[in-house]
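What follows is a single structure, written as structure tokens, with notes after it.
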Amino acid sequence: LTPSIALRPACPDDEPFLTAMLRLAAGWRTGSAAARLSAADVAYVRGFGRPGDAGLIALCDGAPAGAAWYRLFTRDEGTYGHVADDVPELAIAVRPEARGRGIATLLLDRLLAAAAREGRPGVSLSVEDGNPARRLYDRAGFVVVTSAGGASTMACPAARLARDRAG
Ligand SMILES: CC(C)(COP(=O)(O)OP(=O)(O)OC[C@H]1O[C@@H](n2cnc3c(N)ncnc32)[C@H](O)[C@@H]1OP(=O)(O)O)[C@@H](O)C(=O)NCCC(=O)NCCS
């Protein structure tokens, strides 16, 4: 039986789930769900729901299976994937047992469409070298802005946010 996939907007009560997803992103190399989060990591989820935040939760047969969300940061906050203060930074993860079914592709597509509707000038992110998520970003229209220290900052410019997205 194919599980049913649904999306809903992320809300402040989702902070614990988003934190769990952030651990998967931080621990992608080992597949650990228990990765320690640095203060810099926690900045992506703390107090989720502030102005400028947006996110989607993927539900697999009604249970949260993944999430993609973004948040605005100022340059002096020193986040990993900052390109401009008006370009939100994206984070994404899917529970291991739900991977390989297109959930991340769907989340990314719908969140970028939402960013286009909100009139964002782009969306950025940071991805470590070797992370298979990189292919997902390439396909979605992200391009490398800078690469250093084993990671790349990528951005999806406004013109590509809206392309052929069902939203
Ligand atoms: C990256 C990630 C979000 C992809 O989620 P997903 O729902 O499996 O993605 P999709 O099904 O839309 O497919 C995306 C890719 O995963 C591949 N994939 C297929 N089966 C997979 C599986 N069982 N496990 C992992 N990836 C799989 C797909 O083939 C596709 O990549 P490719 O065809 O270019 O190789 C997920 O692997 C994840 O949560 N990783 C850990 C968190 C992370 O690294 N986040 C990004 C930090 S920058």
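The figures here come from the full heavy-atom set of this structure, side chains too, leaving out hydrogens, waters and symmetry mates. First listed ligand is number 1; within each ligand, the first listed atom is number 1. Sequential numbering from 1 along the given sequence is applied to the chain's residues.
- At under 3.5 Å, a nitrogen or oxygen of A104, whether backbone or side chain, sits near a nitrogen or oxygen of ligand 1.
- The shortest N or O to N or O distance between I92 and ligand 1 is below 3.5 Å.
- Side-chain atoms of R160 never come within 3.5 Å of backbone atoms of G122 as a donor-acceptor pair (strictly under, hydrogens ignored).
- In this structure, G102 has a heavy atom closer than 4.0 Å to ligand 1.
- Short contacts between ligand 1 and R101, defined as distances under 4.0 Å to a heavy atom of the residue, involve ligand atoms 11 (O).
- Ligand 1 is never approached by A91 to a heavy-atom distance shorter than 4.0 Å.
- Proximity of atom 39 (O) of ligand 1 to the protein is indicated by at least one non-hydrogen atom lying closer than 4.0 angstrom.
- Side-chain N or O atoms of E77 include one that pairs as donor or acceptor with a backbone N or O of T74 at under 3.5 Å.
- Contact annotation for Y80 and ligand 1: no heavy atom of the residue comes within less than 4.0 Å of the ligand.
- Counting the atoms of ligand 1 from 1 in the order shown, those under 4.0 Å from a heavy atom of I103 are 7 (O), 11 (O), 12 (O).
- At least one N/O-N/O distance between R135 and ligand 1 falls below 3.5 Å.
- When side chains are defined from C-beta on, E118 does not count as touching L161, because their heavy atoms never get closer than 4.5 Å.
- Taking any N or O of G100, backbone or side chain, at least one lies under 3.5 Å from an N or O belonging to ligand 1.
- Contacts between S126 and ligand 1 below 4.0 angstrom, taking non-hydrogen atoms only, involve the backbone exclusively.
- Distance remark: protein heavy atom not present below 4.0 angstrom from atom 28 (C) of ligand 1.
- Applying the 4.0 Å criterion to heavy atoms of L24 picks out, from ligand 1, the atoms 41 (C), 42 (C).
- Looking at S32, its side chain does come within 3.5 Å of a backbone N or O of A34 through a donor-acceptor pair.
- Side chain of R29 to backbone of G130: no donor-acceptor contact under 3.5 angstrom is found.
- Under the 4.5 Å side-chain criterion, counting only non-hydrogen atoms from C-beta, D14 is in contact with C11.
- Using a distance-only test at 3.5 Å, with no hydrogens or angles considered, no donor-acceptor pair links the side chain of W28 to the main chain of P132.
- Looking from atom 48 (S) of ligand 1 to the surrounding protein, the closest heavy atom is Y137 OH, 3.3 Å.
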Give the intermediate values and the outcome of side chain to side chain contact (heavy atoms under 4.5 Å, CB included) for residues L90 and M154.
CA-CA 10 Å; L90 177 135; M154 302 183 81; over 6 Å; no
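- Not a single donor-acceptor pair under 3.5 Å links the side chain of R75 to the backbone N or O of H82.
- Remark: among candidates E128, R95, R99, the nearest residue to atom 36 (C) of ligand 1 is R99, based on non-hydrogen atoms.
- Side-chain contact check for L106 versus L56: every heavy-atom pair is 4.5 Å or farther apart.
- Protein heavy atom closest to atom 1 (C) of ligand 1, with residue, atom name and distance, is A133 CB, 3.6 Å.
- Proximity of a side-chain donor or acceptor of D53 to a complementary backbone N or O of R50 within less than 3.5 Å is detected.
- The protein atom (non-hydrogen) at minimum distance from atom 12 (O) of ligand 1 is T105 OG1, 2.5 Å.
- Within the 4.5 Å cutoff, the side chain of L136 has heavy atoms near those of the R139 side chain.
- The residue from N131, V94, L136 that puts a heavy atom closest to atom 47 (C) of ligand 1 is N131.
- Looking at atom 31 (O) of ligand 1, its nearest protein heavy atom turns out to be R139 NH2, 3.7 Å.
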